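Right, one structure below, let's go through it.
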2 protein chains.
Amino acid sequence: MPTGNKKKNQLVPEPALRRMPCYLSYLKLAQKEGMKHISSTFIARDMGVDPTQVTKDLSYTSIVGKTRVGYEVEPLIEELESFLGFTVVDEAYLFGVGSLGTALLHDHGLKQFGLKVIAAFDVNPEVVGKTIEGVPIYHIDEFKNKNRTGAIIGILTVPVGNSQEVTSIMVEGGIKAIWNFTPVTIKVDDDIVVQNTSLYAHLAVMFNRLKVKSSSSK
Amino acid sequence: MPTGNKKKNQLVPEPALRRMPCYLSYLKLAQKEGMKHISSTFIARDMGVDPTQVTKDLSYTSIVGKTRVGYEVEPLIEELESFLGFTVVDEAYLFGVGSLGTALLHDHGLKQFGLKVIAAFDVNPEVVGKTIEGVPIYHIDEFKNKNRTGAIIGILTVPVGNSQEVTSIMVEGGIKAIWNFTPVTIKVDDDIVVQNTSLYAHLAVMFNRLKVKSSSSK
DNA sequence: TCTAATTAAAGAATATATTCTTTATTAAAA
DNA sequence: TTTTAATAAAGAATATATTCTTTAATTAGA
Ligand SMILES: NC(=O)c1ccc[n+]([C@@H]2O[C@H](COP(=O)([O-])OP(=O)(O)OC[C@H]3O[C@@H](n4cnc5c(N)ncnc54)[C@H](O)[C@@H]3O)[C@@H](O)[C@H]2O)c1
Ligand SMILES: NC(=O)c1ccc[n+]([C@@H]2O[C@H](COP(=O)([O-])OP(=O)(O)OC[C@H]3O[C@@H](n4cnc5c(N)ncnc54)[C@H](O)[C@@H]3O)[C@@H](O)[C@H]2O)c1
């Protein structure tokens, strides 16, 4: 029996996946304004994208639109949230409670998007033993010794020089997906999912576009 | 006279720009280990990418490699940093001093990558008037009234519902580039650069890849 | 000095993603 | 009831990005 995922085992393109949370935010605002139905044409105009891209993106989910009417807002929101994995809250461990790690621990938004940090690990005696927003911080050795069960998602926010070392510890401890906030390309086996989120990479893109714009307008 | 940017006015592909900071991190680690030269073959093997992609990416900068030797590490680092705009520190304003905004203010890393927040704006009386890491926090009305000069880069970390409103205020106040951390697609004129950095989008991609992996291994 | 191996770089081929075109549907208007 | 306009969806065409292939350079070794 098929697992229900529309038609094929094919990978959903990453660009499409990245756009979906944008649609979601947009739809939630539209819902607040009382809209019951919404068409791809309308979404596209409002968001400044191509209308056929909207329908193609949404076609990866199991939602179907209605000709001349568009999509029903509420079911679309529900389907998108569940498709994106935001309805089930996954547990995660966080590695490296520095400035960025602390910020993520303080963030209340993540839980709404399906991620809950249940423990954090560091080596710094100043943070080990403490608690941030109810999340206990242990020494990384505690993870090595005990945590072979539990969360399979790990958030990596350690310094650049320790990235690979901590990655190995994470994988040995049973982590299957790594949300990597360091600008380092970490090496793992094929069965581990790595999601790179380097803020500096985005900064580089922004600087470049700004440079191009300002030199072309001169 | 040409402005010096290698050969063409063509845009550097965003995927290439996003990979460059990864090369940079890698090269800095290699430099620490005393390497003077490094080849694309070597970089590629270490980082798990295609060697020709490395040379193609680096060809957008003005660096040239040497046959049978590779690139000189130090000049390559310098060229990458300057190409990416990390050597000149640009000033920026931050809008929305909530959990994410505060985290960014506490971050010491950004300055190394060419961005320095010189002031922040909010509406919450609990934060307005305070200072975080030396950065003063003003009421957003102060920006409307006075700040027509100064930084042209703005960091947007306000709630979803206020994104568009604050965006307009930013643009009216002279902001030319917006680093948008909200999951909302903000609308601006063509001459404004928008860099979207929604953490939730990355989370969505990670969840999807994890789901695909776990269902294919069963 | 000559040969072999390694490499950067350019361009071709392939793969991927986006946009355009066509078709069929259907709600609303005539 | 019939016509019209708006739309989703599928597939084709185009654009973009990645990977493969070839070429020329040049260092190191014979
Ligand atoms: N701070 C930011 O806003 C920001 C932005 C973009 C990227 N980053 C990247 O995120 C990473 C963390 O940045 P940061 O500014 O939070 O650094 P940080 O130095 O403030 O924090 C790093 C933390 O990791 C801990 N650590 C070191 N070795 C460890 C180990 N072996 N096991 C467990 N924990 C260990 C340190 O004790 C420290 O608490 C860096 O790679 C940085 O490049 C940070
Ligand atoms: N917190 C996170 O880690 C995180 C992660 C990903 C994305 N985001 C996004 O970033 C944005 C901010 O998230 P947050 O968790 O920091 O929210 P938050 O509610 O903690 O902070 C928002 C801040 O914006 C201020 N604000 C509200 N209206 C304003 C206005 N008109 N002008 C200026 N300031 C105003 C608020 O007073 C508050 O201080 C949201 O859009 C969220 O979706 C946050």
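Everything quoted here is computed from the prediction, not taken from an experiment. Residue numbering restarts at 1 for every chain, and letters A, B, ... go by the order of the sequence lines.
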[X] side chain N/O closer than 4.0 Å to the phosphate oxygens (OP1, OP2) of [N]?
| X | N | value |
| --- | --- | --- |
| R19(A) | dT18(C) | yes |
| S59(B) | dA9(C) | no |
| Y60(B) | dA17(D) | no |
| T55(A) | dA8(D) | no |
| T67(B) | dT6(C) | no |

For the pair made of [atom1] in [X] and [atom2] in [N], what is the distance, rounded to whole Å?
| X | N | atom1 | atom2 | result |
| --- | --- | --- | --- | --- |
| L11(B) | dA17(D) | CG | P | 9 Å |
| R18(B) | dA17(D) | CZ | P | 10 Å |
| M20(B) | dA17(D) | CE | P | 12 Å |
| D57(A) | dA10(D) | CG | P | 14 Å |
| I43(B) | dT6(C) | CD1 | C1' | 15 Å |
| F42(B) | dA8(C) | CZ | P | 12 Å |
| L17(A) | dT18(C) | CG | P | 11 Å |
| Y71(A) | dA6(D) | OH | C1' | 13 Å |

*Using heavy atoms to find the nearest nucleotide of DNA chain D for K56(A) and Q53(B) separately, return the residue whose nucleotide is more 5′.*
K56(A)
_For V49(A) and K66(A), find the nucleotide of DNA chain C closest to each by heavy atoms; which residue's nucleotide sits nearer the 5' end?_
V49(A)
*Tell me which nucleotide among dT18(C), dA8(D), dA27(C) gets nearest to the side chain of V69(A).*
dA27(C)
*Could you please name the option among dA8(D), dT19(D), dT19(C) that lies closest to any side-chain atom of D50(A)?*
dT19(C)
*asked:* Ring-plane angle category for F181(A) and W179(A), please: parallel below 30°, perpendicular beyond 60°, tilted otherwise.
replied: tilted
*Going by an N to O cut-off under 4.0 Å, is there a salt bridge joining E81(A) and K28(A)?*
yes
*So what does T52(A) touch, heavy atoms closer than 4.0 Å: a base, only the sugar-phosphate, or nothing?*
base
_For the residue pair S99(A) / H106(B), report whether a side-chain donor-acceptor contact shorter than 3.5 Å exists._
no
*Say you draw a straight line from CG of L11(B) to CG of L17(B); how long is it, rounded to the nearest 0.5 Å?*
8.0 Å
*Can you find an N or O donor on one side and an acceptor on the other, under 3.5 Å apart, linking the side chain of R68(A) with the base of dT7(D)?*
no
*Under 6.0 Å between ring centres, would you say that holds for F86(B) and Y200(A)?*
no
